[in-house]
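Keep in mind the model is a prediction, meaning the values are calculated, not measured. Naming: A, B, ... by sequence-line order, numbering from 1 per chain. Every heavy atom of this structure was used, including side-chain atoms; hydrogens, water molecules and symmetry mates were not.
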Amino acid sequence: MMRIGIGFVLGVVSGGIWGVIAIVLLGIAITLITGDAATPVALAGLLAGMAGAAIVLMRDKSQRTAALYLASFAASLIVLLLVSFAAPFSLPLSTASVAQALGVALFCAAITLGNRACLDDVDSGNIRRYAIEVLLLRVLKGLGFVFFSVIVVLPFYVMVMTSLKNQQQLLLNPLDFSIDLTQGAQSLFVSYVELFTKFNFGQFLLISAIVSVSTVLLTLAFSIPGAYAVARLKFPGQAFLSRSILLIYMVPAIVLVIPLYSVFSQLGLRNTLTGLLIVYPATTVPVALYMLQGYFRGLPAELEEAGLMDGLGRVGVIWKITLPLALPALASVSLYVFMIAWNEFLFAFMFLDDPGIFTLSRGVVSLNSSEVPRQHLMAGAVVATVPILVIFLWFERFLVAGLTAGSVKG
Amino acid sequence: MTVTDSNAEKAHAPASRRGKIGPMARREARLAMTMLMPTFFIVLAIVLFPLLANFWISFKPVTLADLRPPAPVASERVRGDMDVAGQEFLIQYRLRNSSQKSAIGNVTLTDTLPAGLTIVSLDSRCQINGQQLICQLGTFDPAARDEIEIAVTPDAQFAANPVSPRDSDPTMSGDAPNVLTSFDFTWENYSRIFDSREFWNVFWVTVSYTVFGTLGALVFGLFAAQLLSAQFWGRSILRGLFLFPYVAPVIAVAFTWIILLDPFSGTFNAILQRMGITDAGINFFGQRSVPIDLFGLTFDFPVALATVIAFEIWRYFPLSFLFILARMQSISSDMYEAAEVDGASPLQQFWHISLPQLLGILSTLFLLRFIWTFNKFDDIFLLTGGAAGTRTLTVDVYEQGFAVSNLGAGAAVAVVIFLLLLVFAVSYFRFLHQEDQ
């Protein structure tokens, strides 16, 4: 027996919201993927979503079977096509037919699944505050997922796709990110080929890798003994040091840049990688030390004392006992420092003038001129981004641990 | 005695003995100092020294050009034929002071003459010592020019196979005042930055960028953490995805945003136009403000600043999200179960259980993000370069120091930033202290 109450009204509103979101996103997706200018008919999406939700809510919640959802699917399909006069994306059926058909199918599937996730146990009668809030939070969460996914994915999608186009195509239709796969890899990746042949990006990549790895090694060489001393040894000012080391970390690079620029210019260190390799570790050592000392403190001191009794010196204890135990922390710190050094922009920009020693960040900035086409700039951005994202995904566990352990930096 | 014993003894030592340091403890302290020495040194040189140097530079009339210290410059020429034995020819040095502003004292020129030349006449200020020519030239006034002429005759061997005297470069030295180390001070930098109305504008832009950027990143981070707090399929993939903006290089994402939001050929503007939301492209990074009518009240909405803040939120919500998520997963589920039994609704549970539990991490994050947003330079510099009402204090350091090439004024702005940071840091440690108790 069906009752119409607040539950029904809210359920239908929720269905409508999903309908609008789904049709708009699919419209944008079709435009971006096929290059045909699709304008989604929001009203059709709204009504189709509502219709789907209404069908679900017509049955009592104990009787919502797969067949009912199939009916809901069919209802939303029919409403969508009827209201939009069989053109839900304002495109004639002949253009991008496959994409449109796929879009309609995805739309109906999306709102049916959305309605199922939100409404499956919602009563159509008058529902209590608890159930209302549950429904509200479900809709909010769903919106959140869509929102965050879109804002994160869209820029990266645009970055990659722009790098594969050419200037005329981009100016002609900024929404057209369709890729003509028949043109062959040679012409598809022409921007990348030019970056590596004419713009020296292979060398920038190598220099960035060398600078980042050296920074990691130098940082570890400085911070491991320091962190061990702060964590394990007793000396006057220990407590003060373990607290104030983070203060140093909060000094912004821009405040250091003028004195360092002046002094390094006069010492002839400015336009050199040596200069960069002095500054980078100096800015990462404090946070590395802070992260490591926290971890060292957590290791059982008994093991080290046993090592000392067995005749190992302090250095032997650190090398043979502490460091092997602290490997996960070392991995986190290394990855975190690597990320900072790889992404560093300010000092590379201020210090390096000679294209022979550009790091990737500096190299990408040099592409930002009116003489270099945009797809080159985006290809440069992709070249700079891909290595760090691959490393991040590969070692996500360590990097996330590193970020949460000591990272207070932005 | 084992180390454990000595530690235990130290811990239980009576107050009278605590002041004394035994040989073991002294050795330990010395070891600690040795291990900390490299860190100490590099931080001192690259962080603390520049901090103090900023105060020094901010009181000096120093521009970018002054970094090349004034120096005497010489160019050498030969007049006459060198390949006729016994025939006199001239070696000329043209000298000048490279600086238009400061004099150079004790100018000296040294050069090596080729073998086989006989000196005919020598400038009175010069001496010959074997093949070595040394000239004491006294003080050069600003932009001064001078000339030295030496007449020489080659012998037969030289004439047969002449070696140009220019093959050995003359070296010049002199005592030039280095503007960085001189005791020449001025208030001009400070009066310049504080007098301009621009400064207060910059200050308020900084404040709003910092406050809204921090709050926005926190709110969005909290929202994202709520989404991913429950277990479901694909959760770890989404968590990785949500961290992308933070992990990617700023240079890559900043340029992507610029291209995405381009007023003429940007995808975002094209989408807005296609959806019928705007008629013409919005110049997100170039437009200072648009008037907006709200209930009959008109106010100027700062477009570029809002876009830059949106970028900041986009790039840093992952960080707050990560911290909040970690904290949420450590809240015990008992409390929620108890609340459920008592009939608390989901929003009530969030408001009365989750939020109080998260308050600690939220306030810590707020302070840290506040400081880091305040410190942020790269993002705005790359997005707008500080144009269209988005110039913050950090961008102002660059503008004053390098764009206007007045290093002193840039350093003065850096000093202002440093002093403000000191205030934040003190409040942060006050706060930490309270948390500890």
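Neither the backbone nor the side chain of Leu367(A) has a heavy atom closer than 4.5 Å to any heavy atom of chain B. In this structure, chain A has no heavy atom under 4.5 Å from any part of Glu312(B). There is no contact between Ala217(B) and chain A, counting heavy-atom distances below 4.5 Å. Interface residue Leu241(B): backbone and side-chain heavy atoms are both found under 4.5 Å from chain A. For Leu238(B), the part lying near chain A is the side chain, with the backbone staying farther off; criterion is any non-hydrogen pair under 4.5 Å. Looking at Val285(A), the atoms closer than 4.5 Å to chain B (heavy atoms on both sides) all sit in the side chain, from C-beta outward. For chain B, no part of Ile132(A) is nearby; none of its heavy atoms comes within less than 4.5 Å. Both the backbone and the side chain of Ser262(A) come within less than 4.5 Å of a heavy atom in chain B. Using a 4.5 Å cut-off between heavy atoms, Asp262(B) touches chain A through its side chain atoms alone. Proximity to chain A (any heavy atom under 4.5 Å) is shown, for Phe244(B), by both the backbone and the side chain. Contacts of Ala227(A) with chain B are absent, with no heavy-atom separation under 4.5 Å from either backbone or side chain. In this structure, chain A has no heavy atom under 4.5 Å from any part of Thr34(B). Both the backbone and the side chain of Ser149(A) come within less than 4.5 Å of a heavy atom in chain B. Interface remark: Leu143(A) contributes no atoms to any contact with chain B (heavy atom separation under 4.5 Å). Contact annotation for Tyr280(A): neither backbone nor side-chain heavy atoms come within less than 4.5 Å of a heavy atom of chain B. Proximity to chain B (any heavy atom under 4.5 Å) is restricted, for Val153(A), to the side chain, taken from C-beta onward. In this structure, chain B has a heavy atom under 4.5 Å from the side chain of Leu32(A), while its backbone stays farther away. With a 4.5 angstrom heavy-atom cutoff, Leu377(A) touches chain B only via side-chain atoms. Residue Ile388(A) touches chain B through both its backbone and its side chain, counting heavy-atom pairs closer than 4.5 Å. Interface remark: Ile417(B) contributes side-chain atoms only to the contact with chain A (heavy atom separation under 4.5 Å).
Gln293(A) has its side chain within reach of Tyr290(A): a pair of non-hydrogen atoms, C-beta onward, lies under 4.5 Å apart. With a 4.5 Å cut-off on side-chain heavy atoms, Val397(B) and Val255(A) do not count as touching. Contact annotation: the side chain of Pro245(B) never approaches that of Val253(B) to less than 4.5 Å [non-hydrogen atoms, C-beta and beyond]. Side chains of Val365(A) and Phe345(A) form a contact here, defined as non-hydrogen atoms less than 4.5 Å apart.
Here Pro252(A) is the residue among Ala229(A), Gly144(A), Pro252(A), Ala301(A) with the most heavy-atom pairs under 4.5 Å with chain B. For chain B, the option among Ile248(A), Leu136(A), Ile254(A) with the highest count of heavy-atom pairs below 4.5 Å is Ile254(A). Heavy-atom pairs under 4.5 Å with chain B were tallied for Glu344(A), Arg232(A), Arg374(A); the largest tally goes to Arg374(A). Among the candidates Gln266(A), Met159(A), Glu302(A), the residue making the largest number of heavy-atom pairs closer than 4.5 Å to chain B is Gln266(A). Taking chain B as the reference chain and counting heavy-atom pairs below 4.5 Å, the highest number among Phe156(A), Phe147(A), Tyr228(A), Trp342(A) is found for Phe156(A). Highest contact tally toward chain B, considering only Ile28(A), Leu140(A), Ile151(A), is held by Ile151(A) [criterion: heavy-atom pairs under 4.5 Å].
Annotation: Phe145(A), atom CZ; neighbour count of heavy atoms from other residues, nucleotides and ligands within 6.0 Å is above 12. Heavy-atom neighbours of Phe349(A) CZ from other residues, nucleotides or ligands within 6.0 Å: above the threshold of 12.
Classified by interplanar angle (parallel below 30°, tilted 30° to 60°, perpendicular above 60°), the ring pair Trp314(B)/Trp257(B) is tilted.
Proximity of the aromatic rings of Phe223(B) and Phe317(B) is defined here by a centroid distance below 6.0 angstrom, and this criterion is not met.
In this structure, Thr39(B) contributes its side chain and Ser223(A) its backbone to no donor-acceptor pair below 3.5 Å. A distance-only check finds no donor-acceptor pair linking the side chain of Arg369(B) to the backbone of Gly213(B) [under 3.5 Å]. Looking at Gln238(A), its side chain does come within 3.5 Å of a backbone N or O of Val230(A) through a donor-acceptor pair. Within the 3.5 Å criterion, the main-chain N or O of Ala409(B) finds no donor-acceptor partner in the side chain of Gln400(B).
Between the side chains of Ser361(A) and Thr359(A), no donor N or O sits under 3.5 Å from an acceptor N or O.
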Determine, stepwise, if the pair Thr394(B) / Lys376(B) fulfils side-chain contact (heavy atoms from CB on, under 4.5 Å). CA-CA 7 Å; Thr394(B) 47; Lys376(B) 209 67 222 159; 5.7 Å; no

